[in-house]
Visitor: 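One structure follows; several queries about it will come next.
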There are 2 protein chains.
Amino acid sequence: MNAKILIVEDEPVIQELLAFNVTQAGFQALRAEDADSAWQQIRNNAPDLILLDWMLPNTSGVILAKQLRSDTATRDIPIIMLTARGEERDKVLGLESGADDYITKPFSPRELMARIRAVLRRHVPQRQDEVVAAGGLELLPAAHRVTAKGAAIELGPTEFRLLHFFMTHAERVYSRTQLLDQVWGTQVFVEERTVDVHIRRLRAALEPAGMDSLIQTVRGSGYRFSVN
Amino acid sequence: MNAKILIVEDEPVIQELLAFNVTQAGFQALRAEDADSAWQQIRNNAPDLILLDWMLPNTSGVILAKQLRSDTATRDIPIIMLTARGEERDKVLGLESGADDYITKPFSPRELMARIRAVLRRHVPQRQDEVVAAGGLELLPAAHRVTAKGAAIELGPTEFRLLHFFMTHAERVYSRTQLLDQVWGTQVFVEERTVDVHIRRLRAALEPAGMDSLIQTVRGSGYRFSVN
DNA sequence: TGATTCTGTCACATGTTTGTCACACAAGCT
DNA sequence: AGCTTGTGTGACAAACATGTGACAGAATCA
């Protein structure tokens, strides 16, 4: 959810402005002033989207875009071109440029973010949503629903993800660290004991249905979802 | 995976451009310049998707789309409309047009392919102009009318499209982003919170009939239309 | 044209969720 | 038994998500 956006812009003021807006909107901003540093950033940080200035020193933005498109590793990274007023829309979006969208300077932050989100939206792969059943519980990812013997069970977002993970990884012990990685994500820093609390909340939610014993404590190791 | 795409476009240059891009992307391109040759292609080659120019000689694209939608054999073929800048989005995405998505000329090839892939991916055959009934509500697309237990319910255009989408996609959670794509269209840039407001307006309109609980909030995920 | 509806956005109200404690309790060890 | 370590539990404030009323501009209609 926290997409990385590479800003390729030689003008420091504009670069700063872009980075500010992007960061403000909750994205991670990477920066580059020219084609070389852009490539370096791309190799090291694998951005999800590139904001590319049409005019760049040495190599122009168009040429960089072309190169990006011809390289298998970067072919699928969407590009939004930054152009000066008056550039021909046809040229910008034309075949050779390979841009997904463009925006003319000066631009409103709102429009910039809207375009970024729109482009990202179309490039995010679809996730799976198969029905999961285990231990008398049924979980429907698409409907975001859990039922035990037909009765609905209300869960908060985190408990839902936690249960989903457990149900798809039953009969195996997971440490608190592993659960944090899998359910919270690798980039979140929270106390390990937080897992305990959510386990408790999940058990409490399952308890009315008599399903709370499905989640077992393995002292010294972690937790396990087990049908037995 | 090798989908057949029918391009219906009278302007030779654009037709060529489209065919080139489509082929390049690994699809099979079929071509037609007018409604008659389009029908011929459809009958002979059963395309998986149709790229249709809004303006066509003789019969306009809109009329062809309408015909496609009313013919049982072609009802389920998704359509992407090609429009000039400035066309009304309501008209384009409106129910009478029957388009699944649209794109304005001039467009970027990447954008086009992204749309094609998106439409193919999510394409669930759904009849655009048939009466929909769900959760005690009845919606008549052709008449642009909604009733609950016989009593008419007044809705604005956006609320109508929103409800129509929900009723044809019940029991499933949609994020604000997905709803924007599906109901507002992929080219419209509005705040995500706008969805909330329209949900509220829709609920308010359904409330006199006691049907407002059909639209449920799923915290952290989005909204769901559900009969339960 | 003016009147009327519709839309998108905001600011604020309200309600949930989350991570963290501090402490209680349980299990293993010598 | 005492000691040590690990886990359960209730409370809480801050962060966060959603509901809601108001408003101005756009679109529509007569």
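Chain naming here is simple, since letters A, B, ... match the order of the sequence lines and numbering starts at 1 in each.
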Visitor: If you pin A:His198 and B:Glu159 to their nearest nucleotides in DNA chain C, which one's is more 5'?
Guide: B:Glu159
Visitor: Can a side-chain donor-acceptor contact be found between B:Ser221 and B:Arg176 if the only test is distance below 3.5 angstrom?
Guide: no
Visitor: Using the side chain to side chain contact (heavy atoms under 4.5 Å, CB included) rule, pick out the option among A:Val218, A:Leu162, A:Val195, A:Leu202 that qualifies with A:Tyr223.
Guide: A:Val195
Visitor: Below 30° counts as parallel, above 60° as perpendicular, anything between as tilted: where do the rings of A:Trp184 and A:His198 land?
Guide: perpendicular
Visitor: Mind checking if A:Val188 touches a base, just sugar-phosphate, or nothing, with heavy atoms under 4.0 Å?
Guide: nothing
Visitor: Check nucleotides 21-25 of chain D against the protein and report each pair of N or O atoms closer than 3.5 Å, with its distance, or say if there are none.
Guide:
unit_1 : atom_1 : unit_2   : atom_2 : d
D:dG21 : OP2    : B:Arg200 : NH2    : 2.5

Visitor: Would you mind reading off the distance between A:Glu192 atom CD and C:dT20 atom P, rounded to a whole angstrom?
Guide: 11 Å
Visitor: Taking all heavy atoms of A:Ile153 and all of A:Ala209, pick out the closest pair and write down the distance.
Guide: CD1-CB, 4.3 Å
Visitor: Does one side chain, of B:Ser226 or A:Arg145, offer a donor that lies under 3.5 Å from an acceptor on the other?
Guide: yes
Visitor: Measuring from the side chain of B:Glu191 (C-beta onward, heavy atoms only), which nucleotide among C:dT7, C:dC10, C:dT18 has the closest atom?
Guide: C:dC10
Visitor: Going by modelled atom types, is there a donor-acceptor pair between the base of D:dG19 and the side chain of B:Arg193 at under 3.5 Å?
Guide: yes
Visitor: May I have the step-by-step check of side chain to side chain contact (heavy atoms under 4.5 Å, CB included) for A:Phe225 and A:Leu163, ending in yes or no?
Guide: CA-CA 9 Å; A:Phe225 181 95; A:Leu163 179 59; 4.0 Å; yes
Visitor: Report the distance from atom CG of B:Leu137 to atom CE of B:Met211, rounding to the nearest 0.5 Å.
Guide: 5.5 Å
Visitor: How about A:Glu154: does its CD atom have over 12 heavy atoms from other parts shown lying under 6.0 Å from it?
Guide: no
Visitor: So which of residues 202-214 of chain A are in contact with DNA chain C, with a heavy-atom cut-off of under 4.0 Å?
Guide: none
Visitor: Do the ring planes of B:Tyr174 and B:Phe165 sit parallel (below 30°), tilted (30 to 60°) or perpendicular (above 60°)?
Guide: perpendicular
Visitor: Rounding to a whole Å, what distance do you find between A:Leu180:CG and C:dT18:C1'?
Guide: 13 Å
Visitor: Just wondering, do B:Leu68 and B:Ile77 contact through their side chains at under 4.5 Å, heavy atoms?
Guide: no
Visitor: Using OP1 and OP2 only, check whether a side-chain N or O of B:Trp184 sits under 4.0 Å from C:dG8.
Guide: yes
Visitor: Choosing from D:dG19, C:dT7, C:dC10, which nucleotide comes nearest the side chain of B:Asp196?
Guide: D:dG19
Visitor: Does a side-chain N or O of A:Thr217 approach OP1 or OP2 of D:dG6 to a distance below 4.0 Å, or not?
Guide: no
Visitor: Can you check whether B:Tyr223 has a side-chain N or O nearer than 4.0 Å to OP1 or OP2 of D:dA17?
Guide: no
Visitor: Base, backbone or nothing for each nucleotide of nucleotides 25-30 of chain C, written B, S, -, heavy atoms under 4.0 angstrom, 5' to 3'?
Guide: -BB---
Visitor: Answer yes if the side chains of A:Arg31 and A:Gln41 hold a donor-acceptor pair under 3.5 Å, and no otherwise.
Guide: no
